[in-house]
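Comments concern the structure below.
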Amino acid sequence: MYLLMSSSPGTPPASFNLRKSLLIFGSVLLAGLLLLVAVSEFSTPGAARFSGSVRKILQATPAGWSRQEVPIAASSAALASAQGILNFSQASQAVYTRGGVQVVIYAAYWSPGKVSVVDAGSHNPDSCWVNNGCVRSERQYAVAGKIGSRELIPYEYGQYIMPRGGKQNVAFWHLVNGRANRYEDQKAGWRDGLAGRWERLPLLLKDIRAYGINQKSEQMFIRVSSNLPIADLISDPANAELLNTLAPLGVFADQTWQ
């Protein structure tokens, strides 16, 4: 008798009303996110601060090192570029060797208005390399470091096992308006295409809080990979001259873009 009196005829059960409310809330939230995406897409870009040449910066060859330029098309960046993810303004890559030490430096620059933070940020070893067969074996976030007495902007660190064997130790920076974009919330690489965009949608709110409504900010991505452990590479004074050539790209705390 009690069960029959708990709801009047024609009244939807409480669970139905809850599902309906959640559906409405989710639809409103999604609409709001999509509106923010649309607004950020057409926001007026700010003025550029970086006026250098990425390629010329990476052409520096300190004494004792040999350098060979590596075409972007010969790297995993080629796939991402073909998929329309990169759309960079400038990019260059070179491999430097000294004895048994090998260092590969890659840098890409996006002028204001070129690409969103979330799209540029999806081009990192956690996504590009892992999605192309590499295995991430180590990962650390916002690692402090110094080259001599100069403090680096904390870098992202990862170790990746290559599909054909061997491993690469990697430090990378994704700079947005000169500030480091952080990846603590990215536990695994993002997929490409519509599925990847849907996965990255929650990052939009974080990026708006960090960088404002204009998401197509001026950006720089720098990746340093080596057969040496990154901590050893950075701490060895013999490598300081090579790593100091990256200063104009903005990796040092005391160095602005130029």
Side-chain angles (χ1 to χ4, degrees), residues 54-55 57-62 64-81 85-86 88 90-109 120-147 152-175 180-181 183 186 188-189 219-236 238-252:
V54 169
R55 185 179 183 187
I57 291 169
L58 297 193
Q59 283 178 340
T61 310
W65 291 87
S66 62
R67 172 191 173 277
Q68 181 179 355
E69 188 165 340
V70 180
I72 299 299
S75 70
S76 60
L79 177 61
S81 181
I85 296 174
L86 295 186
F88 41 62
Q90 301 182 46
S92 189
Q93 183 173 230
V95 57
Y96 304 82
T97 55
R98 179 180 57 81
V101 179
Q102 183 182 80
V103 180
V104 180
I105 300 176
Y106 165 83
Y109 170 73
S122 68
H123 174 60
N124 64 68
D126 289 336
S127 292
C128 275
W129 286 18
V130 172
N131 288 338
N132 283 283
C134 297
V135 175
R136 188 177 71 181
S137 53
E138 293 183 21
R139 188 67 164 85
Q140 297 177 31
Y141 306 89
V143 182
K146 288 184 176 181
I147 307 297
L152 289 164
I153 291 177
Y155 59 87
E156 302 293 303
Y157 164 78
Q159 185 183 85
Y160 303 86
I161 300 172
M162 302 292 106
R164 297 180 181 177
K167 61 186 177 183
Q168 285 289 305
N169 304 288
V170 179
F172 69 89
W173 296 261
H174 176 202
L175 304 179
N181 190 38
Y183 286 84
Q186 182 177 330
Q219 299 173 71
M220 183 83 73
F221 186 91
I222 307 104
R223 185 187 73 223
V224 177
S225 56
S226 178
N227 59 335
L228 286 182
I230 293 299
D232 293 349
L233 180 73
I234 289 175
S235 62
D236 189 343
N239 304 322
E241 189 176 358
L242 172 64
L243 297 175
N244 277 322
T245 63
L246 302 180
L249 299 176
V251 301
F252 289 98

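Computed from a predicted structure; not experimentally measured.
For the pair S225 (side chain) and N169 (backbone), a donor-acceptor distance under 3.5 Å is absent. Judged by distance alone, the side chain of S235 and the main-chain N or O of L233 form no donor-acceptor pair under 3.5 Å. Remark: the backbone N or O of N239 is not paired with any side-chain donor or acceptor of R98 at under 3.5 angstrom. No donor-acceptor distance shorter than 3.5 angstrom exists from the side chain of N227 to the backbone of G166, with no hydrogens or angles considered. Q90 places a side-chain N or O within donor-acceptor distance of the main-chain N or O of V54, the cut-off being under 3.5 Å.
Of all non-hydrogen atoms in V170 and P125, the two that sit nearest each other are CG1-CG, 4.0 Å. Taking both residues in full, the closest heavy atoms of A120 and H174 are given as CB-NE2, 3.8 Å, listed atom of the first, atom of the second, then distance.
Using cut-offs of 30° and 60° on the angle between ring planes, the pair Y96 and W65 is perpendicular.
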Verdict with supporting geometry, F252 and L152, side chain to side chain contact (heavy atoms under 4.5 Å, CB included): CA-CA 4 Å; F252 289 98; L152 289 164; 3.7 Å; yes

Pair L58-L246, side chain to side chain contact (heavy atoms under 4.5 Å, CB included): steps then yes or no: CA-CA 8 Å; L58 297 193; L246 302 180; 4.0 Å; yes

Stepwise side chain to side chain contact (heavy atoms under 4.5 Å, CB included) check, Y141 with E156: CA-CA 5 Å; Y141 306 89; E156 302 293 303; 3.2 Å; yes

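No more than 12 heavy atoms of other residues, nucleotides or ligands lie within 6.0 Å of CD in Q68, so this atom counts as exposed by the packing criterion.
D232 meets the side-chain contact (heavy atoms from CB on, under 4.5 Å) test with P229; sequence neighbours excluded. W173 meets the ring-ring contact (aromatic ring centres under 6.0 Å, His included) test with Y155; sequence neighbours excluded.
Each of R139, E138, Q140 was compared with Y157 under the side-chain hydrogen bond (donor to acceptor under 3.5 Å, both in side chains) criterion, and only E138 meets it.
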